[in-house]
Amino acid sequence: MFIFAIFIASCGRLLGKLIVVLVMAASLVQFWQGEAVAEPLTKEAFVALLEKNHPIFEKERLTKSIEATEQRRYLGEVDWNVSSSLTWSREEATITAFSPDLTNALSLQTGLNKQFWDTGGRLSATYSINRSSSSFEQAPLFSYPERFYENSLELQYSQPLLRNMGGKLTRLQYDLKAYDVDVAGIQASENIEDFLANAISKYLDWVYLEEQKKIISRRLSLSRKEFERTQRKFNAFLVDSADVIRSKDALNTWRQNLGLVESQLSALRSELSVLAQSSLFLTGEPDFNLYSLQRPEALASAKARLESSSRILKILDLRKKQLDVNAIGVRETGKPDLSLIAAVTVKSAEEEAGDSFTFDKNDAAVGLQLSVPIENRTAKADYQRNRLQTLQLGKEREDVSLSLNASLSSLHTQLTKLMEVLELNREQIESARLRTIEETKIYEQGRGDLTFVIMSRDNEESAKLAYAENALNYQKLWLQYEALMDELYE
C-alpha cells in the first residue's frame with residue numbers, strides 16, 4: 001500500500017511537470033504567432049500601434065529632414081572652389097617690325113577662391129604657367145627671345161564696405177531657410193495630430209458600438225426570457241395570444257437592432273485593423289471607460305494657454321521673424337556696392353623652363369569699386385512688398401487667433417452643457433428602471449398590460465443608449481478640445 005502511494009505521488013509530480021511544459025509550449029506558440037491572444041486595447045495602446053505601423057508618422061518627420069537638407073545646400077556658398085584651365089593660342093602679327101610674325105602659346109591656370117560669411121569678402125589665389133614660342137621671317141629690330149616661360153602667383157581679396165558688409169547677403173538664404181526647417185517640424189506635428197484626432201475618433205466609435213452591443217444584448221436577453229415566459233403562460237391558459245405576439249415582436253425588434261450594430265461593428269473593426277496594421281481589432285475589445293468625463297479648465301485660463309501654446313500661432317510668429325530677417329536683406333540690397341579690392345602678384349619669366357620659377361618680380365594693386373543703381377526701383381519694390389507681407393501676416397495672425405478662441409469658447413460651452421445633459425441621462429435611466437419594476441409588478445398581479453412592461457423596458461434601454469451616445473459625443477468633443485489645445489500629440 002505504501003509503494004502504491006509513492007507511485008501515485010510520482011505520477012502526480014510527472015503530470016505536474018507535463019502540464020508546466022505544455023503551458024510553456026503554448027506560450028511560445030503564442031509568442032511566435034505574435035497577436036494570437038486578444039487583449040483589451042486601451043486608447044494609448046491604439047496610438048502606440050499607429051505610431052509603430054502607420055507610415056504618416058515617418059512621412060511627416062521626413063519633411064523637416066528634407067528642409068534641413070535643403071538648408072545645408074546653402075553652405076556650398078562658403079566652400080573652397082577650385083578652378084583650372086588649359087589654353088593654346090596661335091597669333092599672327094599685323095606689324096612684323098616690332099613683333100614676331102607668328103606666336104604659339106600654351107598656358108595652364110589653376111585657382112582657389114572662397115567666400116567668407118563673417119565679412120562678406122572673397123579671397124582668390126591663382127597660379128599660372130605659360131609657354132610661348134615666336135618665329136620671325138625677318139630679323140627683328142631688337143632682341144626678342146624665340147621661346148620663353150612665365151610663372152605667376154596672384155592673391156586677391158575683395159571686401160564689401162557697404163552692401164553685404166558683414167556677409168549679411170551671403171548668408172541670408174541660409175538664415176531664412178532655418179525658419180522653414182522649424183516651421184516644417186511644427187507643421188509635421190500638427191498634421192500628425194490631425195491624423196490622430198481622426199483615428200482616435202474611430203476608436204471611440206468602436207468603444208461606443210461595443211457598449212451599444214452590450215446594452216442591446218442585455219435587452220435582447222430580457223426579451224427572449226419574456227417571450228419564453230409568456231409562451232409558458234399562454235400554454236397554461238394564463239394569458240391570451242396577443243401577449244405572445246407582443247413579446248415576440250419585441251424580441252424580433254431587438255434582434256434586428258443587434259444585427260445592425262454587429263454589422264457596423266464588424267466593418268469598423270476591419271477598418272481599424274487596416275489602419276493600425278494589426279489583427280488585434282478583429283478579435284479584441286477596447287479598454288476605455290466611455291462614461292469617465294474630464295472637466296475642462298476655466299475658459300479664461302484655457303484661452304491664455306492656447307495663445308502661448310498653439311502650433312498654428314507659433315508658425316505665424318516664425319513667419320513674422322522670417323520676414324524681419326528678410327527685411328534686413330532687402331535694406332542691404334538697397335545700399336551702394338562699394339568694395340575694396342587688393343591684389344598681390346609674384347612672377348618671373350625666362351627662356352629656360354627651369355629658370356622661370358625664381359618669382360623675382362612682383363606687382364601690387366589696391367582699388368575701390370563702386371556701383372550705384374540710380375533709381376534703385378528693385379530694392380524699393382522688394383522693401384514695399386516685405387512691408388505689405390508683414391502687415392498681411394499680422395492680420396492673418398489676428399484672424400487665426402480669433403478663430404481659435406471662437407472654437408475654444410464653443411467647445412468649452414458644449415462640454416459644460418453636455419455634462420449637465422449626462423447627469424439628466426443618469427436620472428432618466430434610474431427613473432425608467434423604477435418604472436419598469438412597478439409596471440412588472442402590476443402586470444404580474446394581473447392588473448396591467450404586457451404592452452406597458454415592454455414599453456417601460458424599451459424606455460429604460462433607450463435611456464441607456466441615449467446616455468452612451470451622449471457620452472460618446474462628450475468624448476469626441478474632449479478629443480477636439482485636446483487637439484485644439486495641441487495636447488493630443490507631443
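Throughout, residue positions are numbered sequentially from 1 according to the sequence presented. Please read these numbers as outputs of a predicted model, since none were measured by experiment.
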Worksheet, complete the sentence: The salt bridge (charged side-chain N to carboxylate O under 4.0 Å, His left out) partners of Asp337 (sequence neighbours excluded) come to none
Discussion item. If the condition is salt bridge (charged side-chain N to carboxylate O under 4.0 Å, His left out), which residues does Glu430 pass it with, not counting sequence neighbours?
Written reply: Arg433
Flag the pair [X] / [Y] as yes when at least one side-chain heavy-atom distance between them is below 4.5 Å, and no otherwise.
X: Tyr291; Y: Asn425; result: no
X: Phe116; Y: Arg122; result: no
X: Val183; Y: Gln322; result: no
X: Leu388; Y: Gln392; result: no
X: Leu258; Y: Ser217; result: yes
X: Leu268; Y: Leu209; result: yes
X: Ser310; Y: Asp486; result: yes

Got a salt bridge between [X] and [Y], using NZ or NE/NH1/NH2 to carboxylate O under 4.0 Å?
X: Arg397; Y: Glu307; result: yes
X: Lys464; Y: Glu469; result: no
X: Asp399; Y: Lys395; result: no
X: Lys43; Y: Asp287; result: no

Practice prompt. Assess whether side-chain contact (heavy atoms from CB on, under 4.5 Å) is satisfied between Phe281 and Leu49, documenting all intermediate values.
Written response: CA-CA 11 Å; Phe281 298 92; Leu49 277 174; 4.1 Å; yes
Could you tell me whether the side chain of [X] and the main chain of [Y] form a donor-acceptor pair under 3.5 Å?
X: Gln115; Y: Gly120; value: yes
X: Asn164; Y: Pro160; value: no
X: Gln475; Y: Leu290; value: yes
X: Lys114; Y: Val78; value: yes

Discussion item. According to ring-ring contact (aromatic ring centres under 6.0 Å, His included), who are the partners of Phe288, at least two apart in sequence or on a separate chain?
Written reply: none
Worksheet item: With sequence neighbours excluded, what pairs up with Tyr474 under the ring-ring contact (aromatic ring centres under 6.0 Å, His included) test?
Response: none
Discussion item. Taking salt bridge (Lys or Arg N to Asp or Glu O under 4.0 Å) as the cut-off, I'd like each qualifying pair that reaches into residues 166-191, sequence neighbours left out, listed once.
Written reply: Glu67-Lys177, Arg171-Asp175, Lys177-Asp180, Asp180-Arg319, Glu190-Arg311
How about [X]: does its [atom1] atom have over 12 heavy atoms from other parts shown lying under 6.0 Å from it?
X: Tyr383; atom1: OH; result: no
X: Met485; atom1: CE; result: yes
X: Lys248; atom1: NZ; result: no

Exercise: do [X] and [Y] side chains pair donor with acceptor under 3.5 Å:
X: Arg426; Y: Tyr467; answer: yes
X: Thr119; Y: Tyr157; answer: yes
X: Thr333; Y: Asp382; answer: no
X: Thr69; Y: Arg72; answer: yes

Discussion item. Is there a side-chain contact (heavy atoms from CB on, under 4.5 Å) between Gln277 and His54? Walk through the geometry before answering.
Written reply: CA-CA 7 Å; Gln277 295 294 293; His54 201 282; over 6 Å; no
Worksheet, complete the sentence: Sorted by chain and residue number, the side chain to side chain donor-acceptor pair (under 3.5 Å) partners of Glu487 (sequence neighbours excluded) come out as Arg305
Fill in: Test side-chain contact (heavy atoms from CB on, under 4.5 Å) applied to Ser403 and Val400, step by step
CA-CA 5 Å; Ser403 298; Val400 171; 5.6 Å; no
Discussion item. Does the plane of the ring in Tyr203 sit parallel, tilted or perpendicular to the ring in Phe46? Use 30° and 60° as the thresholds.
Written reply: parallel
Worksheet item: Do the ring centers of Tyr481 and His412 come within less than 6.0 Å of each other?
Response: no
